[in-house]
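In each ligand, atom 1 is the first atom listed, and ligand 1 is the first ligand listed. This one's a predicted model, so the numbers in the text were calculated from it and none came from an experiment.
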Amino acid sequence: MRLLLVEDDATLSARLKARLEQAGFAVDTADNGIDGAFMADQEPYGVVVLDLGLPGRPGLDVLRQWRASGNNVPVLILTARDAWHERVDGFKAGADDYLGKPFHVEELLARLQALIRRSHAQNTGPLLQVAGLALDEDTQVVTTATGESHALTGTEFRLLRVLMLNPGKILSKSQLSEHVYNFDSDKDSNVLEVYINRLRRKLGHDLIATRRGQGYVFGGGH
Ligand code: CA
């Protein structure tokens with residue numbers, strides 16, 4: 001997950017960058033509002049941490065410009081401590097969350113993780129759509145690219161959902177079994193093959209490729 005950090009306090013920026021990288025983010029930094037505004041327009045960041053008091057261009061202006069141009073990247077703003085008006089202005093400008101300075105980095109990390117989860121849930125919408133299939137997770141019905149609908153059994157549904165959440169990745173039989181079965185069910189890998197073949201009969205053989213000795217890959221040439 002790529003993260004843009006726009007913060008002019010060099011000491012704070014370096015400390016946050018190191019900690020965010022430890023937490024698994026690929027971090028780019030900007031120390032002024034002009035560079036920050038430009039970078040988020042050029043690169044597909046997953047999330048932005050934006051200080052409001054910036055040289056060059058105030059953070060609020062930068063945020064307003066992103067939103068006006070349709071850039072909906074999740075943004076957490078850093079505000080002065082107890083400056084409630086900054087928080088109100090920030091939300092009105094399109095911020096998704098805020099943190100008052102000074103703050104604990106652990107709180108920043110927790111807020112970023114929650115923000116990212118929320119933004120993905122929004123983008124997914126009511127249907128999981130991958131490789132021409134649309135899976136309704138409430139009714140457990142899958143619709144193909146040609147408009148045919150198929151009701152799935154519970155096991156078929158769990159298996160297809162794991163595959164659709166990981167398109168193009170090799171999933172071993174044991175990985176798939178972990179996701180598909182309860183603790184107390186029979187995790188015989190031959191049973192998994194039976195379910196894979198049932199999905200292939202319903203949805204087309206090419207959609208789930210077998211990688212001999214490794215497992216299965218969903219998505220075919222999509
Ligand atoms: Ca500042």
> Regarding Asp41 and Gln65, is there a side-chain donor-to-acceptor distance under 3.5 Å anywhere?
Replying inline: yes
Q. Does Glu7 pair with Arg15 as a salt bridge, N-O distance under 4.0 Å?
A. no
Using a distance threshold of 3.0 Å, state whether an N, O or S atom of Leu52 lies below it from the Ca ion (ligand 1). no
- Look at Lys173 together with Glu193 and state whether they make a salt bridge at an N to O cut-off of under 4.0 Å. yes
Here the N/O/S atom of Asp8 closest to the Ca ion (ligand 1) would be OD1
Here the pair of heavy atoms bringing Gly53 nearest to Asp8 is O-OD1, 3.1 Å
The atom of Asp51 among N, O or S that is nearest the Ca ion (ligand 1) is OD2
